[in-house]
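Notes to accompany the following structure.
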Protein chains: 2
Amino acid sequence: MARAGLTTERLTQAGAELADEVGFDQVTVSALARRFDVKVASLYSHLKNSQDLKTRIALLALEEMADRAADALAGRAGKDALTALANVYRDYAREHPGRYAAAQLRLDPQTAAASAGVRHAQMTRAILRGYDLTEPDQTHAVRLLGSVFHGYVSLELGGGFSHSAPDTQETWTRSLDALDALLRNWPAP
Amino acid sequence: MARAGLTTERLTQAGAELADEVGFDQVTVSALARRFDVKVASLYSHLKNSQDLKTRIALLALEEMADRAADALAGRAGKDALTALANVYRDYAREHPGRYAAAQLRLDPQTAAASAGVRHAQMTRAILRGYDLTEPDQTHAVRLLGSVFHGYVSLELGGGFSHSAPDTQETWTRSLDALDALLRNWPAP
DNA sequence: CTGATTTGCCTAAAGGTTTTAGGCAAATGC
DNA sequence: GCATTTGCCTAAAACCTTTAGGCAAATCAG
């Protein structure tokens, strides 16, 4: 009987692809086994359980996004950097909706602290070096930026914006303009 | 054999409570039947299927939030209204995390158009009457506000903000200050 | 009030996902 | 070449979803 050559990595990768195709919450150990033309139980030598699979996909997505973000930020500063980072998230979500949804999975604190999530926070903070903010406003701004990026991408992806009126691309551009203006002119407490 | 007195409404209500207790994606027709001490199949006279249940919970949450928002906005304008509306979302999410998650469920266009979702958009737009924005900037601003509200609430609830540093309440207040400043000083294209 | 009808919850059953336990054969190591 | 390890398999139990058909309680008609 020939072996399928399963590994945790291949399963995670395939799980991510599956997520993009059918949606993250349709990702199932069974579906994954089917995709490898293998019996379900076989996967349990490589994955602890279903939650383990989902967590691994989430971590993969966080890594991929962080890598893209690091690339995009190289050599940029100020509004240029802001736009680049924002577009990384938006583009990633459009290319990989299932992975993006996975990245939203609630991780336990241990796992979260060891994930690429911290790189994301660092990069957002790095952007703010191009603006004139000191603590604690810098942290407030990091959180606000994170909220806008995630909120916008999530609403746009979920069809939360009416498909009429101005183009969502236009809104995105104008929102980034607005954020840039806001950061350059952050109100005093 | 005494009857349990199930109705679609009671099931939806109980489903919402269940969601708040165990998380929206743990809401299951089986669990709901257990809660009413009734056999699973009995629920299928009142619910089309599992998806139907989830959709109804989502619609309930959207209604409840819209009602609270309408209440909060009555008699307020400008920053006062902005803060009130923002707090409705944040408070609702904290009190009813399961319902809030439900409200994020992707609805098919038909259902969405008939939902309280449209009231939410209208109310956000109403807030902007206190600021000096004309179309298409008004729509851009509506979308930006929606993004911030949803993004912030979602990240805070999911533990996305490090539990250290400045208090998240402080960030929330300062973010609303910042949005107010931004709306009063919306950048020209 | 009684008989007919409707309605509500039940039993039965099939199909799918999760997860554990134990087995056999392929790959690897000496 | 033989022993060990590793990888995928079969078997099986537990749980969720959904449909079909049945009986009794509630409702309605005369």
Side-chain angles (χ1 to χ4, degrees), chain A residues 1-60 98-99 101-102 104-108 111, chain B residues 1-60 98-99 101-102 104-108 111:
Chain A
M1 219 169 263
R3 296 194 179 181
L6 304 180
T7 65
T8 305
E9 287 66 36
R10 286 190 64 198
L11 289 172
T12 305
Q13 187 67 41
E17 287 161 17
L18 185 59
D20 287 336
E21 289 167 23
V22 304
F24 182 56
D25 38 38
Q26 307 298 319
V27 171
T28 189
V29 182
S30 293
L32 202 51
R34 239 173 275 131
R35 171 164 294 222
F36 280 93
D37 205 29
V38 139
K39 298 295 170 179
V40 196
S42 306
L43 301 203
Y44 283 82
S45 314
H46 307 278
L47 303 170
K48 248 183 62 220
N49 52 37
S50 184
Q51 186 57 38
D52 183 36
L53 170 62
K54 285 177 182 150
T55 301
R56 286 176 190 279
I57 298 174
L59 293 175
L60 173 70
R99 284 154 146 103
Q104 251 51 63
L105 186 71
R106 216 199 184 313
L107 302 173
D108 64 284
T111 313
Chain B
M1 219 169 258
R3 295 192 178 182
L6 305 180
T7 64
T8 305
E9 286 67 35
R10 286 189 65 196
L11 290 171
T12 304
Q13 187 67 41
E17 287 160 18
L18 185 60
D20 287 335
E21 290 167 24
V22 303
F24 182 57
D25 39 39
Q26 307 299 317
V27 171
T28 188
V29 183
S30 291
L32 202 51
R34 237 173 275 130
R35 171 163 296 222
F36 280 93
D37 204 31
V38 139
K39 299 295 170 177
V40 196
S42 305
L43 301 203
Y44 284 82
S45 314
H46 306 278
L47 303 170
K48 249 183 63 221
N49 52 36
S50 184
Q51 186 57 39
D52 183 35
L53 170 63
K54 285 176 183 148
T55 301
R56 286 176 190 280
I57 297 173
L59 294 175
L60 173 70
R99 284 153 145 102
Q104 252 50 64
L105 185 70
R106 217 202 184 310
L107 302 173
D108 65 284
T111 312

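Just so it is clear: chains get the letters A, B, ... in the order the sequence lines come, proteins before strands, and each one is counted from 1. Computed over heavy atoms, backbone and side chain alike; hydrogens, waters and symmetry mates excluded.
- Computed from coordinates, the B:Asp25 CG to C:dT18 C1' distance equals 16 Å when rounded to whole Å.
- Between A:Leu11 atom CG and D:dG7 atom P the separation is 12 Å, expressed in whole Å.
- Across the protein-nucleic acid pair, B:Leu47 atom CG and C:dG8 atom P stand 13 Å apart, rounded to whole Å.
- None of A:Leu107, A:Leu60, A:Leu47 except one satisfies the side-chain contact (heavy atoms from CB on, under 4.5 Å) rule with A:Thr55; the exception is A:Leu107.
- Inter-residue side-chain proximity for B:Lys48 and B:Arg56 is flagged as unmet; no heavy-atom pair is nearer than 4.5 Å.
- In the set C:dC9, C:dT17, D:dT18, D:dT18 carries the atom at the smallest distance from any side-chain atom of B:Ser50.
- Residues that satisfy the side chain to side chain donor-acceptor pair (under 3.5 Å) test with B:Asn49, not counting sequence neighbours, are absent from this structure.
- Side chains of B:Leu43 and B:Val38 form a contact here, defined as non-hydrogen atoms less than 4.5 Å apart.
- At distances below 3.5 Å, at least one donor-acceptor pair connects side-chain atoms of A:Thr8 with backbone N or O atoms of A:His46.
- The CG-C1' distance, from A:Asp52 to C:dT19, rounds to 13 Å in whole Å.
- Out of D:dT10, D:dT17, D:dC8, the shortest distance to the side chain of A:Lys39 is found at D:dT10.
- Remark: B:Arg34 is not in phosphate contact with D:dC15, judged by side-chain N or O atoms under 4.0 Å from OP1 or OP2.
- Not one side-chain nitrogen or oxygen of B:Thr28 sits closer than 4.0 Å to the OP1 or OP2 atom of D:dC15.
- The side chain of A:Ala41 lies closest to C:dT20, out of C:dT20, D:dT17, C:dT18.
- In this structure, CZ of B:Arg10 is placed 13 Å from C1' of C:dG8, rounded to the nearest angstrom.
- Closest heavy-atom contact between A:Ala102 and A:Ala58: O-CB, 3.2 Å.
- Taking the side chain of A:Tyr44 as heavy atoms from C-beta on, and the options D:dT17, D:dC8, C:dT20, the nearest nucleotide is C:dT20.
- The distance from atom CG of B:Leu32 to atom P of C:dC9 is 13 Å, rounded to the nearest whole Å.
- Paired with B:Leu32 under the rule side-chain contact (heavy atoms from CB on, under 4.5 Å), one option of B:Thr12, B:Leu53, B:Val40 passes, and it is B:Leu53.
- In the set D:dT18, C:dT19, D:dC16, the nucleotide with an atom closest to the side chain of A:Val40 is C:dT19.
- Among the protein residues, B:Leu43 comes within range of no part of the nucleic acid, since none of its heavy atoms lies under 4.0 Å from any strand.
- The interatomic distance linking A:Gln26 (CD) with C:dT17 (P) rounds to 10 Å, in whole Å.
- Map B:Ser42 and A:Lys54 each onto its nearest nucleotide of DNA chain C; the residue landing nearer the 5' end is B:Ser42.
- Put simply, CG on A:Leu53 is 14 Å from C1' on C:dT19, counting in whole angstrom units.
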Listed pairs, N/O of protein and of nucleotides 4-6 of chain D, under 3.5 Å:
{"unit_1": "D:dT6", "atom_1": "O2", "unit_2": "A:Arg3", "atom_2": "NH2", "d": "3.0"}

